[in-house]
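Naming: A, B, ... by sequence-line order, numbering from 1 per chain.
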Number of protein chains: 2
Amino acid sequence: MANIQHVAKQAGVSVATVSRVLNNITTVSPKTRLKVESAIKDLNYEPSMLGRNLRNSESRLLLVLIPSISNPFYTEIINGIENTAIANNYNILLCETDSNPQRENIYFNMIKNKLADGVISMDPAVNMQKLNELAEQYPIIQCSEYEEGGSIPYVTIDNELAAYRAVKHLIKLGNKRIALINSDEKFLYARQRRNGYERALKEFDLPIREEWICNTNQLDFENGIQAMRKLLQQPEKPSAVFAVSDTLAIGALKEINASQLKVPDDIALIGFDKISFSNMTNPTLTTVSQPMYKMGSTAANMLIGSIKGNKVESIILDHELVIRESTMG
Amino acid sequence: MANIQHVAKQAGVSVATVSRVLNNITTVSPKTRLKVESAIKDLNYEPSMLGRNLRNSESRLLLVLIPSISNPFYTEIINGIENTAIANNYNILLCETDSNPQRENIYFNMIKNKLADGVISMDPAVNMQKLNELAEQYPIIQCSEYEEGGSIPYVTIDNELAAYRAVKHLIKLGNKRIALINSDEKFLYARQRRNGYERALKEFDLPIREEWICNTNQLDFENGIQAMRKLLQQPEKPSAVFAVSDTLAIGALKEINASQLKVPDDIALIGFDKISFSNMTNPTLTTVSQPMYKMGSTAANMLIGSIKGNKVESIILDHELVIRESTMG
DNA sequence: CTGAAAGCGCTAACAC
DNA sequence: GTGTTAGCGCTTTCAG
């Protein structure tokens with residue numbers, strides 16, 4: 001494998017000159033530049049990032065922490081991150097933590113080991129203490145999930161407001177018995193969405209009934225099925241359900257269908273995230289859309305800014321209620 | 001940031017000794033080892049991968065090329081790759097090519113630049129000429145999609161046989177008018193699955209009718225909807241449909257429902273891949289299951305073997321027809 | 001058992 | 001405009 005020395009020798013110049021050509025530094029005469037370029041071609045030379053990165057003490061790799069790659073919610077965000085990264089000559093290292101602290105540690109070490117220049121964390125279950133420690137020394141951005149009052153910059157949406165609007169939509173449709181399928185309330189977004197749910201109910205003098213509030217451990221379809229099963233066993237069944245993720249809502253829909261009830265006639269249903277499947281269900285799912293691509297690109301831009309040493313501010317992006325068949329009575 | 005020199009000075013030893021401790025080389029007296037370890041702790045030292053990798057001329061990064069992260073088919077494969085990689089002290093760089101040659105080039109350069117030690121390609125649209133060139137110099141494995149008669153080792157399933165079995169299942173159910181929703185036949189798997197489809201029809205003396213064969217550009221839901229719409233416009237409608245991916249089948253199901261027909265009574269339906277959503281549709285989808293996790297871990301093991309300089313052989317894994325509601329008349 | 005020193009491939013002063 | 005050289009952080013001979 002050819003290296004910079006071989007090129008220098010072949011071109012009859014010094015390594016410094018080769019480096020100058022490689023980095024497009026202007027102070028090289030057209031004649032020498034030509035010589036170098038032809039030597040590069042002759043030897044089929046490709047500069048080694050390893051050497052360059054060591055010298056520049058940077059890896060040009062961004063770490064992206066997600067709990068699970070199989071949650072479609074993340075795919076568009078990742079697209080946004082990746083495109084922005086590539087446009088800035090970075091690459092991303094996608095890291096599935098499975099919300100497993102050991103896995104997480106491996107990745108945290110990568111940044112300590114200089115194998116990554118910064119981190120975008122989307123894991124709601126991330127160890128915040130460690131993340132905060134890391135943030136003292138390395139550039140870190142939180143995306144979607146964040147720590148209230150924390151010092152790590154984040155990009156997210158107003159979860160409380162989004163939930164409030166979704167539930168208000170159900171109320172306006174005439175629903176008075178509205179259930180909530182929430183994820184684990186150790187997560188900030190879960191607490192925020194519950195707050196929005198409760199605010200809407202209170203505003204219209206509807207009671208908050210614990211038996212209509214289900215919490216799930218995870219966001220898989222199966223969790224939605226289980227939660228809905230529980231709700232349907234209540235003596236007084238809800239007439240509408242707000243689920244904090246489309247995957248949960250799709251599971252709920254499956255269970256509603258299985259018990260011979262109809263959406264939206266018997267039970268109206270709203271999900272969250274606007275994943276692509278949510279338009280394939282029968283009926284199609286009303287859902288809250290987050291600007292996922294933009295969230296990703298914003299997070300990446302913030303991180304790259306932070307790596308450059310800029311001060312970056314947290315950002316709240318807009319959301320939108322997408323009304324489809326599951327709430328069209 | 002502390003480096004190996006600082007640790008050496010603090011411990012009162014040479015950098016060589018620190019390196020020995022770091023790499024668990026036995027020829028270090030317990031006493032010095034202790035000194036070094038305490039110095040490492042004191043200084044909060046983390047070895048730099050950049051330096052280590054340059055010295056060892058390896059990056060311990062594996063490149064994984066996929067056409068699109070949003071296709072759920074890949075998620076389990078990636079899990080398999082990732083777990084195997086981590087177990088062997090590698091990390092993976094997940095690269096979405098969008099089947100875009102420019103994007104692909106960026107990633108191909110990464111391996112030339114020594115930023116990755118090897119490649120697992122899952123992109124059916126990959127530029128085979130370039131991949132073959134690259135394979136002369138670097139370790140490369142193909143996963144799922146491959147080149148017939150090529151020299152790059154691969155792991156896959158028997159697509160022809162899988163399609164044959166799926167269609168035979170439809171025939172055994174009494175169907176005589178069986179349509180095929182295939183992807184672009186520039187892809188090997190598409191040609192293989194078509195062959196299997198035709199073999200089953202021929203074996204039972206059923207005609208192969210071009211108007212019952214649809215080809216789509218991509219594997220999105222929307223493509224399945226379009227294809228099914230075309231099939232339903234035929235003067236003689238098929239009584240069963242075999243789609244070469246679950247996403248296509250789910251789109252087809254959506255369209256069948258929209259035209260007031262029932263699956264499986266009016267039209268039986270089979271997909272391919274057993275993505276998690278295929279169990280959430282109504283009715284649930286009969287599909288061909290591939291051992292995705294195993295495919296991923298096998299590919300990773302093959303690649304790591306190849307990096308070590310081993311000779312690796314291509315592998316064909318088993319598949320399974322998963323019969324669910326969409327073919328239960 | 002330990003240390004000195006070379007060198008992986010590159011960039012950036014500094015000198016001319 | 002171009003060359004010389006130090007050094008990024010690490011591993012690994014080779015001596016002792």
Side-chain angles (χ1 to χ4, degrees), chain A residues 1-40 43-61 89 109-117 137, chain B residues 1-37 39-40 43-61 89 109-117 137-138:
Chain A
M1 209 66 256
N3 65 21
I4 199 170
Q5 311 240 30
H6 301 149
V7 177
K9 184 180 278 180
Q10 167 97 358
V13 299
S14 74
V15 291
T17 302
V18 178
S19 174
R20 288 189 187 103
V21 172
L22 253 30
N23 293 286
N24 280 316
I25 288 170
T26 45
T27 65
V28 180
S29 80
K31 223 177 82 190
T32 19
R33 159 159 284 138
L34 238 52
K35 276 196 298 185
V36 171
E37 278 166 351
S38 96
I40 289 177
L43 296 175
N44 213 348
Y45 166 74
E46 297 280 346
S48 158
M49 288 297 168
L50 252 34
R52 178 174 289 176
N53 291 348
L54 174 60
R55 173 64 220 224
N56 296 341
S57 45
E58 63 175 13
S59 65
R60 299 207 79 82
L61 242 37
N89 261 307
N109 278 332
M110 293 188 66
I111 181 153
K112 291 189 192 163
N113 294 337
K114 317 289 175 309
L115 248 192
D117 295 343
Q137 300 212 43
Chain B
M1 209 65 255
N3 64 21
I4 199 170
Q5 310 241 30
H6 301 149
V7 177
K9 185 180 279 182
Q10 167 97 0
V13 299
S14 73
V15 291
T17 301
V18 178
S19 174
R20 290 191 185 100
V21 172
L22 253 28
N23 293 287
N24 280 317
I25 288 170
T26 44
T27 63
V28 180
S29 80
K31 223 176 82 190
T32 19
R33 159 159 282 136
L34 239 52
K35 275 196 298 185
V36 171
E37 279 166 350
I40 289 177
L43 296 175
N44 213 348
Y45 165 74
E46 298 279 347
S48 157
M49 287 298 168
L50 252 34
R52 176 174 291 175
N53 291 347
L54 173 60
R55 172 63 219 224
N56 296 341
S57 46
E58 63 174 13
S59 65
R60 299 208 78 83
L61 244 34
N89 260 307
N109 279 331
M110 293 187 67
I111 182 154
K112 292 189 191 160
N113 293 336
K114 318 289 174 310
L115 248 192
D117 295 342
Q137 299 211 44
Y138 307 96

For [X] and [N], is the shortest distance between a side-chain N/O and OP1 or OP2 below 4.0 Å?
{"X": "A:Thr27", "N": "D:dT2", "value": "no"}
{"X": "A:Ser14", "N": "D:dT4", "value": "no"}
{"X": "A:Ser29", "N": "D:dT2", "value": "yes"}

Restricting to side-chain contact (heavy atoms from CB on, under 4.5 Å), what partner residues turn up for [X], sequence neighbours left out?
{"X": "A:Thr26", "answer": "none"}
{"X": "B:Ser14", "answer": "B:Ala16, B:Thr17"}
{"X": "A:Val15", "answer": "A:Ile4, A:Gln5, A:Ala8"}
{"X": "A:Gln137", "answer": "B:Met1"}

Using a heavy-atom cut-off of under 4.0 Å over every strand shown, decide if [X] touches base, sugar-phosphate, or nothing.
{"X": "A:Val18", "answer": "nothing"}
{"X": "B:Asn53", "answer": "nothing"}
{"X": "A:Val13", "answer": "sugar-phosphate"}

What residues form a side-chain hydrogen bond (donor to acceptor under 3.5 Å, both in side chains) with [X], not counting sequence neighbours?
{"X": "B:Arg60", "value": "B:Glu58"}
{"X": "B:Asn113", "value": "none"}
{"X": "A:Asn109", "value": "none"}
{"X": "B:Asn23", "value": "B:Ser19"}

Taking salt bridge (Lys or Arg N to Asp or Glu O under 4.0 Å) as the definition, give me every residue that meets it alongside B:Arg55, ordered by chain and number, with sequence neighbours left out.
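B:Arg55 satisfies salt bridge (Lys or Arg N to Asp or Glu O under 4.0 Å) with no other residue.
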
For atom CG of B:Leu22 and atom P of D:dC10, their distance in whole Å
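Rounding to the nearest Å, CG of B:Leu22 and P of D:dC10 are 7 Å apart.
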
How far does the helix from C:dC1-D:dG16 to C:dC16-D:dG1 bend, going by the axes of its first and last five pairs, to the nearest 10°?
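Rounded value for the end-axis angle: 40°.
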
Which sits closer to the 5' end of DNA chain C, A:Ala2 or B:Thr17, going by the nucleotide each is nearest to?
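Nearest nucleotide further toward 5': that of B:Thr17.
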
Just the endpoints, please: which first and last nucleotides of DNA chain C, 5' to 3', lie under 4.0 Å from a heavy atom of chain A?
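The contact span of chain A on DNA chain C goes from C:dG9 to C:dA13.
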
Every protein N/O lying under 3.5 Å from an N/O of nucleotides 7-9 of chain D:
| from | atom 1 | to | atom 2 | distance (Å) |
| --- | --- | --- | --- | --- |
| D:dG7 | N2 | A:Arg55 | NH1 | 3.0 |
| D:dC8 | O2 | A:Arg55 | N | 3.4 |
| D:dG9 | OP2 | B:Asn3 | ND2 | 3.3 |
| D:dG9 | N2 | B:Gly51 | O | 3.2 |

Applying side-chain contact (heavy atoms from CB on, under 4.5 Å) between A:Glu37 and each of A:Val21, A:Val7, A:Val18, report the one that passes.
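For A:Glu37, the side-chain contact (heavy atoms from CB on, under 4.5 Å) test succeeds with only one of A:Val21, A:Val7, A:Val18, which is A:Val21.
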
Could you please spell out the steps behind the side-chain contact (heavy atoms from CB on, under 4.5 Å) verdict for B:Leu61 and A:Leu61?
CA-CA 11 Å; B:Leu61 244 34; A:Leu61 242 37; 3.8 Å; yes

Pair of N/O donor and acceptor under 3.5 Å linking D:dG3 base with A:Arg20 side chain:
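Flag set: donor-acceptor pair detected.
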
